Amino acid sequence: MATKKTSGQNTIDVALIGGGIMSATLGALLKLLEPTWTIKVFERLDAVAQESSNPWNNAGTGHAALCELNYTPEKADGTVEIAKAVAINEQFEVSREFWHHLLTGGHLPEPARFISHTPHMTFVRGAANVDYLKRRFTALSAHPLFSELEFTDDPAVIAQWAPLLVLDRDGDEAVAATRATSGTDVDFGALTTQLFDFLTAHDVELNLQHEVNKLKKRKDGTWDVTVKDVSWNATQGPRTVNARFVFVGAGGGALPLLQKAGIKEAKGYGGFPISGEFLRTDNPELVAQHQAKVYGKADVGSPPMSVPHLDTRVVDGKTYLMFGPYAGFSPKYLKKGSLLDLFTSLRTHNIGSMLGAGLKNIDLTQYLIGQLVASPEAKFTALQAFMPTAHPKDWEKITAGQRVQVIKKDPKKGGVLEFGTEVIAAADGSIAGLLGASPGASTAVPAMIDVLERCFPQQFATWRPALGAMIPSLGQAAWEATELDALSATAGPSEEAVGAR
């Protein structure tokens, strides 16, 4: 993106599309780096953080690869690959450092409103899985980022860590667990709301119930953003806002908008939507016996977001337990989207990608069909595999948010299904968007720094000192970073969850 230049008198500097954690994070970074820039946000719903950022639409895990087995695959020779786990851990550290900076600067209220210490555990059953988890532990714990990781195959120790996992379990069953006490539970909905409170207090215009339905690039490189007020009492039709830079942080709705923008970088991309459900309880007796996020091993063919986990969740100051997710299918790209989303995203340039990915992921299709036809009793059995004493009377079903897995063109396979998040940016840096799902919100800060570096290359060099002050580990391996100004010396647990490792 070029520095400020020509365009109409009413041209703004930045248009953020979507009221989720990504737009909120990018807005906060830009407001701190360039406080005079004009920023407008457009969200089609009547509040921010209502889709994937809503606390009940995601697992709330501060993804640091402490417990997620899909980040540590087993190679053909039996060794466990930890490179992705290291990268995810470093990315979450970047996010935590930025949140810490906002807290110490008085830009966010107390951290207890959005983050809390919750140990991260992995729990497996069966001799083969126990053997794998031990090898995973050996590989990870040798790395400085994971040196605190603990391993046990003793049910008595597991009972001390998370008693509901072994209560009334068959004593002959081989089990094992790892634990990292520095794990976190994050209410990304609360965090998103607080970030937007900071932005609106610093002259950022937040337009709720405003849907963007057209993006058109002008000859001068700026973008005309056509916005419609969709409130029930709207008094005017669509209007156009001209912006020097556009970021599409609309979750599952990002792909259709990038397609409407017509940028060549979005060609070949498709999206496969996956819905989900969780079981939830607020039974005080159960909640008191389980303080951890416990991830298991995914079924063959299941997507990473479907890895079963029994979690402590803290939302609006109240603690719950949540188990799932149970995967399903809906053609919607957003929870409050249209049943036509998947079909209207098809283009001549991405049909090959979509078909290629489908043919290469038959096991995923079979898994989803199995989940769709599974009875409530069969689904509850999955919880009882984690918690043998679970009883249906204590649990209620809730619907999670939609996730859209990235499908991208591949010269050999036609198309491949990508797990994770991916930034798509135009070559001239005038527009960018974020596609994908987990680890998603946990890596919002490094993802948005990537947007800044790719879309504002001239300014980024001058921003580096300020970014380095906000995020000490930038440019370093996280374990070499200078210790944060430790709130941890004087703060309570929730502050430590943000600022200390």
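Below, all heavy atoms of this structure are taken into account, side chains as well, without hydrogens, waters or symmetry copies. All figures in this text were calculated on a predicted structure; none of them were measured in a lab.
With respect to Glu453 and Arg464, a salt bridge is recorded, a charged nitrogen being found less than 4.0 Å from a carboxylate O. A salt bridge is defined here as a Lys NZ or Arg NE, NH1 or NH2 lying under 4.0 Å from an Asp or Glu carboxylate O, and Glu51 with Arg44 meets this definition.
In this structure, the side chain of Glu68 engages the main chain of Ala65 through a donor-acceptor pair within 3.5 Å. No donor-acceptor pair under 3.5 Å is formed between the side chain of Gln50 and the backbone N or O of Leu45. No donor-acceptor pair closer than 3.5 Å links the side chain of Glu93 to the backbone N or O of Gln91. Looking only at distances, no side-chain donor or acceptor of Arg113 sits under 3.5 Å from a matching main-chain atom of Gln194. The main-chain N or O of Phe196 is found under 3.5 Å from a side-chain atom of Thr200 such that the two form a donor-acceptor pair. Side-chain atoms of Lys40 never come within 3.5 Å of backbone atoms of Leu16 as a donor-acceptor pair (strictly under, hydrogens ignored). Without hydrogens or angle criteria, His120 side chain to Ser182 main chain gives no donor-acceptor distance under 3.5 Å. Listed for the Gln259 side chain is no donor-acceptor partner under 3.5 Å among the backbone atoms of Ala266. A donor-acceptor pair under 3.5 Å is formed between the side chain of Asn89 and the backbone N or O of Ala64. Looking only at distances, no side-chain donor or acceptor of Thr79 sits under 3.5 Å from a matching main-chain atom of Lys75.
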Does the side-chain contact (heavy atoms from CB on, under 4.5 Å) test come out yes or no for Ile39 and Phe245, once each step is laid out? CA-CA 10 Å; Ile39 302 175; Phe245 172 72; over 6 Å; no
Would Asn242 and Asn10 satisfy side-chain contact (heavy atoms from CB on, under 4.5 Å), going step by step from the backbone distance to the final call? CA-CA 7 Å; Asn242 183 245; Asn10 296 322; over 6 Å; no
Determine, stepwise, if the pair Val314 / Asp187 fulfils side-chain contact (heavy atoms from CB on, under 4.5 Å). CA-CA 7 Å; Val314 181; Asp187 183 341; over 6 Å; no
For Asn57 and Ser52, run side chain to side chain donor-acceptor pair (under 3.5 Å): C-alpha distance rounded to whole Å, both residues' side-chain angles, the deciding distance at 0.1 Å, then the answer. CA-CA 5 Å; Asn57 287 344; Ser52 294; over 6 Å; no
For Leu102 and Leu195: C-alpha separation, side-chain torsions, deciding distance, then whether side-chain contact (heavy atoms from CB on, under 4.5 Å) applies. CA-CA 9 Å; Leu102 292 171; Leu195 288 171; 3.6 Å; yes
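Residues Gly19 and Glu43 come closest through the heavy atom pair N-OE1, 2.6 Å. Contact between Ala15 and Phe42 at its shortest, heavy atoms only, is CB-CE1, 4.3 Å. Of all the heavy atoms in Cys455 and Gly429, the pair that sits closest is CB-O, 3.3 Å. When all heavy atoms are compared, the tightest approach of Gln459 to Thr462 is O-OG1, 2.6 Å. Summarising the geometry of Pro446 relative to Val94, their closest heavy-atom pair is CD-CG1, 3.9 Å, with the distance given to 0.1 Å. Shortest non-hydrogen contact noted between Thr193 and Ala49 is OG1-CB, 4.4 Å.
At least one side-chain heavy atom of Asp311 sits less than 4.5 Å from a side-chain heavy atom of Thr61. Contact check for Trp463 versus Leu32: no side-chain heavy atoms found under the 4.5 Å cut-off. Leu33 places a side-chain heavy atom less than 4.5 Å from the side chain of Leu467. Side-chain contact check for Leu208 versus Leu206: some heavy-atom pair is nearer than 4.5 Å. Within the 4.5 Å cutoff, the side chain of Phe114 has no heavy atoms near those of the Pro109 side chain. Between Phe146 and Leu66 there is a side-chain heavy-atom pair separated by less than 4.5 Å. A heavy-atom distance below 4.5 Å is found between the side chains of Ser430 and Trp223. Residues Thr181 and Glu148 have side chains in contact (heavy-atom distance under 4.5 Å, counting atoms from C-beta outward).
Taking CE of Met121 as the reference point, atom OG1 of Thr312 lies at 10.5 Å (rounded to 0.5 Å). Between the CD1 atom in Ile431 and the CG atom in Leu257 there is a gap of 8.5 Å [rounded to 0.5 Å]. Atoms CG and CZ, from Asp185 and Arg313 in turn, are 4.5 Å apart once rounded to the nearest 0.5 Å. Annotation: the span from Arg239 atom CZ to Asn207 atom CG amounts to 5.5 Å, rounded to 0.5 Å.
Between Phe456 and Trp37, the angle of the ring planes lies from 30° to 60°, which puts this pair in the tilted group. Between His202 and Phe198, the ring planes lie tilted relative to each other; the angle falls in the 30° to 60° range. Ring orientation note: the planes of His107 and His101 are tilted relative to one another, at an angle of 30° to 60°.
Shown are Val41, Leu30, Leu434; of these, the side-chain contact (heavy atoms from CB on, under 4.5 Å) with Phe247 is made only by Leu434.
Lys217 NZ: more than 12 foreign heavy atoms inside a 6.0 Å radius.
Of the N and O atoms on the side chains of Asp224 and Thr240, not one donor lies less than 3.5 Å from an acceptor on the other residue.
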